Amino acid sequence: MNTYNLYLNSKRCIGCHGCVVHCKANKNLPVGPILCEISHEPLKSVRGVPKTEFKFRSCYHCEDPFCVTICPTEAMKKREDGIVYVDVPKCIGCMACAGACPWGIPQHNPETNKAVKCDYCMDRLDAGLQPACVTKCTTHALKLVAMKEI
Amino acid sequence: MKKSVWSMCGMCTVRCPIRVEVEGNTVTWLEGNQHILKGALCAKGSAGPSLVADKERPQQPLIRRGGRGAGRWEAVSWEFALDYIADKLKTIIDRHGPESIMASSRGGPFQDLVKAFTHALGSPNYSNHDSACGRNVHHASLSLFGLGRKGFIYDIKNAKHLVLFGRNILSSLRPAEVNQVMDMLDKGGKLTYVDVRQTLTGIKATNFFQVRPGTDYALALALIHEIIKAEGYDADFVERYTTGFDELAYFVENYSAEWAAKECGIKPKDIHELVDQLIADRPKVIFHPGWMLSRYNDSFYASRALNCLNALMGNIEVEGGLIFAKGAGDCGRKGPRSLNELSPKPTAKRADGVGDIYKHFEKGPGLFHLFYKAMATGIPYPIKGIICVRHDPFLCFPDPQAQKEALDNCDLIVSIDTHYSEFGWYSDVILPESTYLERDSMIAQQKGMKPRLIMRNKAIEPQADTLDLCTIIRGLATRLGLEQYFPFATPQDLWAWQLEPTGFSIADFEKKGFVEYADKPVMFDREKLEGKFKTPSGKIEIISQNLTEWGFPSWKPYVSPAKPPKGQYRLVFGRSPLHSHSHTVNNPLLNEMMPENTLWINTREASKMGVSEGDFVDVISGDVTCVITVKVTDFIHPEAVYTVHGFGRQIPLQTRAYHAGMSDQKLMKGQLQNMDPVGGGLNLCETFVTVRKSSKNHQRKVEL
Ligand code: SF4
Ligand code: SF4
Ligand code: SF4
């Protein structure tokens, strides 16, 4: 069950890359792994005004995640609420998950030699808080949307 | 043990209020103060703890042992370093008098300590970086309103239309202000953006004008012309509160939309459409008069014209307009004490000539670049000692080589900073200041609709042998026998002394991290603004009595900017949301996001040169050549090339930033004294550079 979604209001986003750094700082990541990204199409001139849309991408927390299936040590897990996360002590850093994920989402953390990926900051969620990227987004453009079970 | 600390960010000069979570002596989380920023912070803000952890910043006081700039440092104790500096200062004072020592700080709410120290020494020569930043805007504002550039706050959130001339408000970002802009846009407000290139701000614009570089003043004059012609100004407001309107109307007679369109390289129709919108949206229209406007030799007049447009809109002290910044006094209260009041007023004239030769410049911090003139010539008297606090002149002002030649006349150069600056690397002593997360700072007043007191609290103990500025300055003052002007052992004593007249105590900060002087926004009665403008006439002086007295016109006839010669381009620069000018380029997190700058070149020009995206080009000015990779884009004017400021660093100990990208300052050869004669701001966009395909090429590689 995919319960959460990170939604970006592109109209409010200013492409400042704050979210990317908020995420890295919260996860205490060294140079290398980047868990979410902000991108945009090349500018197009619309009635004399150059325009573009911003896109935010992190892990999709798939219904049937390849990364979970392939993980040899069951370190990649899916929670009840749909969050796919790395059970860090079990991870051996083989990065099979990254190979299996169609988008190459899981990243290698060279400092710990383990996989790391977006888990919607589940420790913060469990404490009743919002993910790092959402809390600190410069313009409040990012929202974590919880899908209602049908 | 976990604790939560209210504090203030120190990654750039905005100084956002923050809340820091600490476990042991480690910062585990920080966010924007929920009461003001609802958690929001920019990338630089989140990268703060990685500045603290960075071992590539000075770890203890350093004294130069080799030649200046050679990078041979001896690590010494604080005792030793402070004794060393105090001895040198004493010798200089004995030989040349105290006025031969100058000090400069970053400016902003905490300059009081450095200013007080300079004055306590007996020197009038306190300065900061403002001649490379907001001086033109400040003086333009003073000449019209009698109030400096911080005299008004802009109620952007409630505006219907925000007009920005080169003010890249969403990249040079202040999170609170950015949110006001986004809120305004969400409510259907319009944004007009004028620049020589496309920016993150331009993407959000309703109207975008890509103008020829150096023609801002032309467009502003045309807007005045068209608004007056259409009788679209607030006649009642103009009648009541301004002087000189008729002269202005006469002056702009020839500056029509058609004329400006040709001058700026835009369409007359678009200007007319803009004018119609502005008149319809009045008075909730804000013309931003510029923030950093040390750019062209008529930037002072451009800023004056923009501020004058505000007056024509009648947007003063109305919702969605310009609102007088209120201080404690406007709430019937007292502000915090200033240290500078303790020090005697120095009697000597300033070495930069401000207030004496240059009567039209406000004394304040003076004009830093003019001190180099005094250093080089010994006129009006020699400058022999210089202390820079969190201020890197080599990255701030043009032509570092010329600066070094002038500095070589000094007997003592001291840099007090949290990181290695280019200036620090050339200095005699580096005193490492604790980072903002490791130090307490003075209490400061923030003016606004609801004035408040803000403070920075130490979140963790220093990770290296560093000290806070209060302790450093006091250490020096004590050694020089000036301790009576700094009667506090600790920052906490200082706070108590500062707060005494305000009626607040430190405990009042506990709830929200700041204290407010008012519950509700304080507004003046718009029908009774007489006397609020501190000009000689008490009105908004479209024709300024002061300017006239000093021999300057209130409106300078427009002069078309020079076209660059063939093969050359006008070098312009700007900001990225990931770096604050210069001091973040070596931050591990921010460097990873943006390790170097690129040179923007217009697509057509690039193809003429035979370069494509990602190629190297040589950028040449005088005897300086820089190599940089190219970004090819339609969205920059063909006469200009653009880069982000702050790169091209040459400090080997900063391994990430070392030689990455290009320094625009170095290319501004011979420009150190090129300033706007009326505004005092440097002309930082008046350099032409030669650009050609570089022999350094990604393809050409010989491998064994
Ligand atoms: S922090 Fe917010 S505004 Fe900035 S890039 Fe990320 S989503 Fe966009
Ligand atoms: S890592 Fe890839 S496969 Fe796994 S849940 Fe995320 S998007 Fe799906
Ligand atoms: S939810 Fe957390 S882990 Fe995922 S992108 Fe945002 S900050 Fe990173």
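Remember, predicted model here, so these are calculated numbers, not experimental data. In what follows, chains are A, B, ... by sequence order, proteins preceding strands, each numbered from 1.
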Minimum heavy-atom distance A:Lys136-B:Glu31, with the two atoms named: CD-CA, 3.8 Å

Region of A:Cys133 that comes under 4.5 Å of a non-hydrogen atom in chain B: neither

Under 4.5 Å to a heavy atom of chain A? For B:Thr206 that would be backbone

A side-chain contact here means heavy atoms from C-beta on lying under 4.5 Å apart; do B:Lys44 and A:Val21 qualify? no

Taking atom CG of B:Asn179 and atom OG1 of A:Thr138, what is their separation to the nearest 0.5 Å? 8.0 Å

Does atom CZ (A:Phe66) have a neighbourhood of more than 12 heavy atoms from anything else shown, all under 6.0 Å? no

d(B:Met182 CE, A:Asn9 CG) to nearest 0.5 Å is 8.0 Å

Indicate yes or no: at least one non-hydrogen side-chain atom of A:Val31 is less than 4.5 angstrom from one of B:Arg656. no

Under a 3.5 Å distance rule, please check whether A:Lys51 uses its side chain to pair with a backbone N or O of B:Ile203 as donor and acceptor. yes

Top contributor to chain B interface from A:Cys19, A:Ala25, A:Pro42, A:Ala141 [non-hydrogen pairs under 4.5 Å]: A:Ala25

Report yes if some heavy atom in the side chain of B:Leu185 is under 4.5 Å from a heavy atom in the side chain of A:Arg12; otherwise report no. no

Go through B:Lys38, B:Met594, B:Gln210, B:Gln34 and name the one with the most non-hydrogen pairs under 4.5 angstrom from chain A. B:Lys38

Taking B:Thr28, B:Asn207, B:Asp270, B:Asp183 one by one, which has the highest count of heavy-atom pairs under 4.5 Å against chain A? B:Asp183

Shortest non-hydrogen contact from B:Leu173 toward A:Cys16: CD2-CB, 4.0 Å

Region of B:Asp186 that comes under 4.5 Å of a non-hydrogen atom in chain A: side chain

Close side-chain approach of A:Lys24 and B:Met593, heavy atoms under 4.5 Å: yes

Is there a donor-acceptor pair closer than 3.5 Å between any side-chain N or O of A:His22 and the backbone N or O of B:Leu41? yes

More than 12 heavy atoms of other residues, nucleotides or ligands under 6.0 Å from NZ of B:Lys267: is that the case? no

Flag the pair B:Trp29 / A:Thr135 as yes when at least one side-chain heavy-atom distance between them is below 4.5 Å, and no otherwise. yes

Chain B shares the most heavy-atom pairs under 4.5 Å, among A:Val134, A:Asn26, A:Leu43, with A:Leu43

Can you find a heavy atom in the side chain of B:Phe208 that is under 4.5 Å from one in the side chain of A:Val46? no

A:Ile14 vs B:Pro577 side-chain heavy atoms within contact, under 4.5 Å: no

Quick one: does any side-chain atom of B:Lys204 pair with a main-chain N or O of A:Lys11 as donor and acceptor, under 3.5 Å? yes

B:Leu200 to A:Gly15 - nearest heavy-atom pair and separation: CD1-O, 4.0 Å

Less than 4.5 Å apart, any side-chain heavy atom of A:Ile34 and any of B:Glu592? yes

